[in-house]
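Report on the following structure.
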Amino acid sequence: MAKTKATDILSLIEAEHRQVEQLFAQAEKAKGSKLQEHFNQLYKALNLHARTEELVFYPALREYDETEQYVEEAEEEHEEVSLILEEIKVLKPTAPEFKEKMSELKEAVQYHVEEEESEIFAAVRECMDEQELTELGQEFQKTKAQLEPEIEAALAR
């Protein structure tokens, strides 16, 4: 079984999950322009995370019988989160639906994170060695950096 390092893909994904949990916690306490600011951070973080997983992590999962089965559901969960993000993006933080949609978003993200960290990560550790996880981690970071300007632009639209 592979040990994990800070630069392996699973550690990077997990660190991003924790970051998003903190953003949700901050957003729940915020009001007005601060709430909008926290939503913008969530929008960017979640879109960047999802797109990077779809380009780097999920193709790697498709290469193994043990992990391929998880990809379709994970992509559907990403699609759900993406739709909710776009619904929230057009709302003002003062709109009654804003907080409802934020709760719906948090629930969808928590479900995805729980499934990814409990089921998918365990399966990945069974079939990928440390070197492969580290190489995927490097590719994940590189791809994320390349996607950042695109995600920033999408938020501004």
Side-chain angles (χ1 to χ4, degrees), residues 4-63 67 70-118 120-121 124 128 132-157:
T4 56
K5 283 186 183 165
T7 55
D8 81 26
I9 193 161
L10 302 181
S11 298
L12 292 169
I13 290 172
E14 214 168 295
E16 290 187 5
H17 289 168
R18 300 296 82 79
Q19 176 199 8
V20 165
E21 288 166 1
Q22 287 180 332
L23 288 172
F24 272 116
Q26 292 166 355
E28 286 169 351
K29 295 176 196 155
K31 287 179 175 53
S33 64
K34 272 289 185 201
L35 180 55
Q36 185 67 54
E37 199 178 297
H38 290 304
F39 169 73
N40 291 349
Q41 291 175 326
L42 273 166
Y43 182 93
K44 183 181 166 189
L46 290 169
N47 276 303
L48 203 48
H49 178 80
R51 291 282 300 126
T52 308
E53 276 189 342
E54 290 160 10
L55 292 169
V56 178
F57 190 47
Y58 295 168
L61 294 181
R62 290 187 199 283
E63 293 178 26
T67 54
Y70 297 109
V71 177
E72 192 176 323
E73 184 180 350
E75 287 177 334
E76 286 170 9
E77 291 165 1
H78 279 189
E79 183 62 30
E80 179 187 359
V81 165
S82 178
L83 290 170
I84 299 168
L85 281 167
E86 293 307 317
E87 289 172 1
I88 298 171
K89 190 171 104 169
V90 299
L91 298 172
K92 295 204 179 319
T94 53
E97 313 90 58
F98 193 93
K99 289 223 181 223
E100 289 169 27
K101 286 285 175 191
M102 285 291 282
S103 292
E104 190 181 327
L105 177 65
K106 183 179 178 183
E107 204 172 287
V109 169
Q110 284 175 327
Y111 176 82
H112 176 74
V113 165
E114 173 62 34
E115 206 156 81
E116 207 166 61
E117 290 184 5
S118 64
I120 298 175
F121 283 14
V124 167
M128 293 185 200
E132 189 172 1
L133 292 172
T134 300
E135 287 168 6
L136 281 171
Q138 291 165 347
E139 191 182 338
F140 188 85
Q141 289 175 306
K142 191 175 107 191
T143 302
K144 185 178 172 187
Q146 291 169 340
L147 287 171
E148 207 158 341
E150 182 186 318
I151 302 296
E152 289 274 0
L155 181 58
R157 272 187 239 126

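Model, not experiment: these values are computed from the prediction.
Across all their heavy atoms, L35 and A27 have their closest contact at CD1-O, 3.3 Å. Annotation for E80 and A108: closest pair OE2-CB, 3.9 Å, computed over non-hydrogen atoms. V56 and I9 get closest at one heavy-atom pair: CG1-CD1, 4.0 Å. Among all heavy-atom pairs drawn from E73 and Y111, the shortest one is OE2-OH, 3.4 Å. When all heavy atoms of T143 and L55 are compared, the closest pair comes out as CG2-CD1, 3.9 Å. Shown here for P96 and E100, the closest heavy-atom pair between the two residues is O-OE2, 3.8 Å.
For the atom pair CG (N47) and NZ (K89), the distance works out to 8.5 Å, reported to the nearest 0.5 Å. Note that CG of L10 and CG of L133 are 5.0 Å apart. Values are rounded to the nearest 0.5 Å. Separation of atoms CG (L91) and CD (E97) is listed at 5.5 Å; rounding is to 0.5 Å.
For H49 and F57, the distance between ring centers is not under 6.0 angstrom.
Side-chain contact between I13 and E117 is absent, with no heavy-atom pair separated by less than 4.5 Å. Here the side chains of L23 and F39 are not in contact, with every heavy-atom distance at 4.5 Å or above. Counting heavy atoms from C-beta on, the side chains of L48 and E148 come closer than 4.5 Å. The side-chain heavy atoms of K92 and Q36, taken from C-beta on, include no pair separated by under 4.5 Å. Put simply, the side chain of L42 reaches to within 4.5 Å of the side chain of M102, judged on heavy atoms. Side-chain atoms of E21 and V113, non-hydrogen and from C-beta on, do get closer than 4.5 Å to each other. Side-chain atoms of Y43 and E86, non-hydrogen and from C-beta on, do get closer than 4.5 Å to each other. With a 4.5 Å cut-off on side-chain heavy atoms, I120 and E115 do not count as touching.
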Test salt bridge (charged side-chain N to carboxylate O under 4.0 Å, His left out) on E37 and K34; report intermediate values, then the result. CA-CA 5 Å; E37 199 178 297; K34 272 289 185 201; 3.5 Å; yes
Go through E53 and F140 one step at a time and tell me if the side-chain contact (heavy atoms from CB on, under 4.5 Å) criterion holds. CA-CA 7 Å; E53 276 189 342; F140 188 85; 4.1 Å; yes
Report the C-alpha distance between E139 and K144 in whole Å, list the side-chain angles of each, state the deciding distance to 0.1 Å, and finish with yes or no for salt bridge (charged side-chain N to carboxylate O under 4.0 Å, His left out). CA-CA 8 Å; E139 191 182 338; K144 185 178 172 187; over 6 Å; no
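Remark: E135 does not engage K142 in a salt bridge, criterion side-chain N to carboxylate O under 4.0 Å.
Around atom CD of E107, no more than 12 heavy atoms belonging to other residues, nucleotides or ligands sit under 6.0 Å away. Annotation for E72: atom CD does not count as buried by contact number, only 12 or fewer foreign heavy atoms lying within 6.0 Å.
For the residue pair H112 and E116, a side-chain donor N or O sits within less than 3.5 Å of a side-chain acceptor on the partner.
Of the possible donor and acceptor atoms, one in the side chain of S103 sits under 3.5 Å from a partner among the backbone N and O of K99.
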